[in-house]
Amino acid sequence: MKKVDQEEVARRRGIYFQSFGIYGGISGLFDYGPLGSRIKDRIVRIWKEMMLSEGNIAEFDGTAVTHQEVLKASGHYDRFFDYSVECTECGNRYRADDLIQKRGIEAIVDREWLQNKILELNMKCEKCGGKLGDVKIQKLMFQVEQGEGQEPLFLRPETAQGMFVNFKEYYRFFREKLPFAIITVGRGYRNEISPRRALYRLREFNMMECESFFDPQNEMWIHDPEENLKVTFLTNEGKEIHATPRDVYENGVVKSQPMAYFMGLAIRFYSRIGIDLNRFRFRQHKKEELSHYSSETWDAEALTDLGWIEITGIAHRGIFDLTNHIKASGKDLYAQRVVQRKEMLNKVREVDYDKIKADFPELSPKIIAAIKDGKSKLEAGGRTLDLADYIIEREEKVTVDRENFVPIVIEPAFGLDRIIYAILDHNLGLRDESGYVFLKIPYEISPYDAAVLPLMARDGLDQKANEIYEELLRQKFTVIYDDSGSIGKRYSRYDEVGIVYCITVDYETLKDDTVTIRHRDTREQLRIKVNEIPKYLGLNPWNGKKN
RNA sequence: GCAGGUGUUGUGUAGCCUGGUAGCACAAAGGCCUUCCAAGCCUUUAGCCCGGGUUCAAAUCCCGGCACCUGCACCA
């Protein structure tokens, strides 16, 4: 297929376009129009349906505005503030806090402090010895002010954290059994330095994320990895393999069974929504490319006119997130496993209040406080007390049949906007015969089920077509009625936005209640009874296959 | 963020250098015609990215901003 300017079609036909156009637009922000919104919605529905039909997956719909502590615990807060300073002579860039840290000084991440420190220490460019410019802050997260004297809030850079912090709710919902997974469809926000290329790099973007939780002793999903569909796998050693997810799991290229499982799920999803699997691959991240939280990551990539673009990341996040939230919040986000019943001796340390009171009645509050602070000695009453004297250590027998562990997380994260970009790239083409644009997306994600068209807008054909249109609407089909322009022009109009079926009402309809149904891809038509229309939508009666 | 280029009806563009009524094609709307794949004819709608400056007069020249494209940097 010949190349078509996707953005031009998207703008002209209301698929997507730049936000706030009448005010000049904002870079990195795009809106979905009447047709794009429908395509997007249908993709989301398929994804949710596929995920939820696993059985042990449930949905979470959390807020985008996020508590600062969550992002501090997740590591985003530290990494999303970039204090850079540039050499005024050679242009080399440094992180201001790194430069100062290198001199053995604890850097305070504050613009003024960093700026003053650089002047005070008379720091120069490491490369050329040139003068360093001003410290510039780059905030990579959008900050939301709460009010005077209150800590700011942040827009989430990923939906994942909401699922981690609510792990316990879902653990209970699934009656304390692993594995299970949580999904979220929602928006994330990243203040990209230079967003570019339409839907590829956005500052507000749609994602469909799944967090799956496992006992590290049993890192297995409940179903087996896909064994029929083959795609390309590119390893971090540069090896290319054409195989099924089951193959790559069995031969050890992909270490984790759940990762292989989700790869298979992704392939099934992608083939269903119109990604060309011949322009698709999984690419393993190289060591230096891995995120701060991940030990193994595979990206699903699609080949488009922008080159290979990441449309999904499947990351092994290990115990990183839950461990950090346990530490930061002090709350229990553990899962438990049943172990063999056993007797254990627990060491118990107790403060001997009676002895303290007997020895030093007036000093007792001081001594108790010192013990609670974990001190071992205390200067009091003119001498040094050994606090160990006031602690009783004894052993207690307990029966244990469960133990805590931090679950492992495997995350398939789908970038919805990039998926839409890739679908349009793979399916928008020119017809060989006529050179007209048509969009060959699957019926399931097509923006409307059908267009109902009277051959002529007269002789009662328009009324009849309108009746059929109304009836299909009543039956909950999404349909368009159109009687303007020649019939050929209208066919083309709907081909261009991927509507698969055109129902044409002609003079025979008036006689025998039949219409023609036309398929977008073959342009072939069949004459069918009006009441058979619902049966044909979603079929390709010309080759006996779906669509 | 830096450097260079660009910004004209819904879309694609001409006009800009050399200041003086903004033109074309497609799309869209109305009409005539037309019995199945963007036919034809008539009519209509609709635009100089935003702000400032120079000038009698700015789409055009100058300044600032915004946006887009390319390259570099960034992309956790």
Side-chain angles (χ1 to χ4, degrees), chain A residues 4-5 7-14 17-30 33 71 74-82 84-88 90-95 133-134 136-141 157-158 160 188 190-198 200-203 205 285 288-294 297 299 306 309-310 313 315 415 431 433-438 453-459 461 482-496 502-511 515-520 522-527:
Chain A
V4 178
D5 182 350
E7 277 187 70
E8 189 268 322
V9 176
R11 251 196 303 277
R12 186 161 47 78
R13 297 307 307 271
F17 34 75
Q18 199 174 24
S19 303
F20 311 113
I22 66 165
Y23 289 107
I26 303 277
S27 63
L29 297 181
F30 274 79
L71 298 162
S74 69
H76 288 97
Y77 189 88
D78 287 336
R79 279 154 223 272
F80 274 59
F81 281 85
D82 180 30
S84 65
V85 61
E86 206 175 272
C87 172
T88 54
C90 72
N92 207 36
R93 272 169 63 126
Y94 304 94
R95 276 193 69 117
D134 290 342
K136 286 182 185 159
I137 324 177
Q138 199 57 251
K139 288 186 186 180
L140 300 173
M141 286 196 293
E158 59 176 18
R190 290 176 193 192
N191 191 13
E192 297 283 355
I193 299 167
S194 74
R196 231 178 252 184
R197 289 169 176 166
Y200 179 61
R201 250 176 107 189
L202 296 172
R203 298 205 285 178
F205 50 95
H285 277 207
E288 63 275 15
E289 204 182 346
L290 289 169
S291 314
H292 62 284
Y293 49 70
S294 182
T297 297
D299 281 348
L306 299 177
I309 64 169
E310 176 195 347
R431 283 199 195 281
E433 332 77 70
S434 57
Y436 297 135
V437 174
F438 81 125
L453 317 169
L455 187 61
M456 301 284 160
R458 61 166 202 219
D459 301 333
L461 294 180
D482 186 352
D483 64 12
S484 82
S486 74
I487 191 70
K489 183 180 261 188
R490 281 176 278 158
Y491 287 150
S492 231
R493 205 178 269 162
Y494 298 107
D495 287 350
E496 195 177 41
C502 285
I503 311 284
T504 306
V505 171
D506 57 17
Y507 288 95
E508 277 182 62
T509 311
L510 300 180
K511 284 185 235 156
V515 291
T516 61
I517 180 166
R518 170 190 180 273
H519 196 276
R520 176 196 65 204
T522 57
R523 307 193 302 161
E524 284 177 289
Q525 286 177 298
L526 276 186
R527 183 161 286 278

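Keep in mind the model is a prediction, meaning the values are calculated, not measured. Every heavy atom of this structure was used, including side-chain atoms; hydrogens, water molecules and symmetry mates were not. Residue numbering restarts at 1 for every chain, and letters A, B, ... go by the order of the sequence lines.
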Determine the contact category for [X]: base if any of its heavy atoms lies under 4.0 Å from a base atom, sugar-phosphate if only primed atoms, P, OP1 or OP2 are that close, otherwise nothing.
X        : answer
A:Arg12  : sugar-phosphate
A:Ser434 : nothing
A:Arg203 : nothing

Counting only Watson-Crick pairs (N1-N3 plus N6-O4 or O6-N4) and G-U wobbles (N1-O2, O6-N3), all under 3.5 Å, who is the partner of [N]?
N     : value
B:U60 : none
B:A27 : none
B:U55 : none
B:U9  : none
B:U18 : none
B:C32 : B:G40
B:U70 : B:A3
B:C48 : none

Kindly indicate whether the side chain of [X] and the base of [N] share any N or O donor-acceptor pair separated by less than 3.5 Å?
X        : N     : value
A:Arg518 : B:C37 : yes
A:Ser194 : B:A73 : yes
A:Ser492 : B:C37 : no
A:Gln525 : B:C36 : yes
A:Arg493 : B:C37 : no

Side chain of [X]: nearest nucleotide among [options]?
X        : options             : answer
A:Ser27  : B:U11, B:C68, B:C75 : B:C68
A:Tyr436 : B:A38, B:U35, B:A29 : B:A38
A:Asp506 : B:U35, B:A39, B:C36 : B:C36
A:Arg196 : B:C36, B:G1, B:U34  : B:G1
A:Arg197 : B:C37, B:U34, B:U70 : B:U70
A:Glu7   : B:C37, B:A38, B:C69 : B:C69

Spacing of CD belonging to A:Glu192 relative to OG belonging to A:Ser194, to within rounding of 0.5 Å: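 If we round to the nearest 0.5 Å, A:Glu192:CD and A:Ser194:OG are 8.0 Å apart.
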
Round to a whole Å and report the spacing from [atom1] of [X] to [atom2] of [N].
X        : N     : atom1 : atom2 : answer
A:Gln18  : B:C66 : CD    : C1'   : 10 Å
A:Ile22  : B:G47 : CD1   : C1'   : 15 Å
A:Asp5   : B:G10 : CG    : P     : 18 Å
A:Leu455 : B:C33 : CG    : P     : 16 Å
A:Met456 : B:C36 : CE    : C1'   : 8 Å
A:Arg13  : B:G12 : CZ    : P     : 15 Å
A:Leu306 : B:C75 : CG    : C1'   : 15 Å
A:Ile503 : B:C36 : CD1   : C1'   : 14 Å

Which atom of A:Val505 lies closest to which atom of A:Val515, heavy atoms considered: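 In this case the closest contact between A:Val505 and A:Val515 is CG2-CG1, 4.1 Å.
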
Any side-chain to backbone donor/acceptor pair from [X] onto [Y]? Under 3.5 Å, distance only.
X        : Y        : answer
A:Arg190 : A:Glu158 : no
A:Arg520 : A:Tyr494 : no
A:Arg196 : A:Arg201 : no

Roughly how far apart, to the nearest Å, are [N] and [M] at atom [atom1]?
N     : M     : atom1 : result
B:C49 : B:G10 : P     : 12 Å
B:G4  : B:G40 : C1'   : 48 Å
B:C48 : B:G7  : P     : 15 Å
B:A59 : B:G23 : P     : 14 Å
B:C66 : B:A29 : C1'   : 33 Å
B:C16 : B:A27 : P     : 28 Å
B:A67 : B:A28 : C1'   : 26 Å
B:G51 : B:C42 : P     : 38 Å

Residue whose nearest RNA chain B nucleotide is more 5′ - A:Gly488 or A:Ser484: A:Ser484

Lys/Arg N to Asp/Glu carboxylate O, A:Arg12 vs A:Asp5, below 4.0 Å: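 The answer is no: the pair does not qualify as a salt bridge.
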
A:Asp506 with A:Arg527: basic N within carboxylate O range, under 4.0 Å: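 Yes, this pair counts.
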
A:Cys502 side chain reached by A:Gln525 side chain, heavy atoms, under 4.5 Å: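 They are not in side-chain contact.
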
Would you indicate, yes or no, if [N] has its OP1 or OP2 atom less than 4.0 angstrom from a side-chain nitrogen or oxygen of [X]?
X        : N     : result
A:Lys489 : B:C36 : no
A:Arg523 : B:C36 : no
A:Ser486 : B:A39 : yes

Worked verdict on A:Ser484 versus A:Arg493 for side chain to side chain contact (heavy atoms under 4.5 Å, CB included): CA-CA 11 Å; A:Ser484 82; A:Arg493 205 178 269 162; 3.4 Å; yes

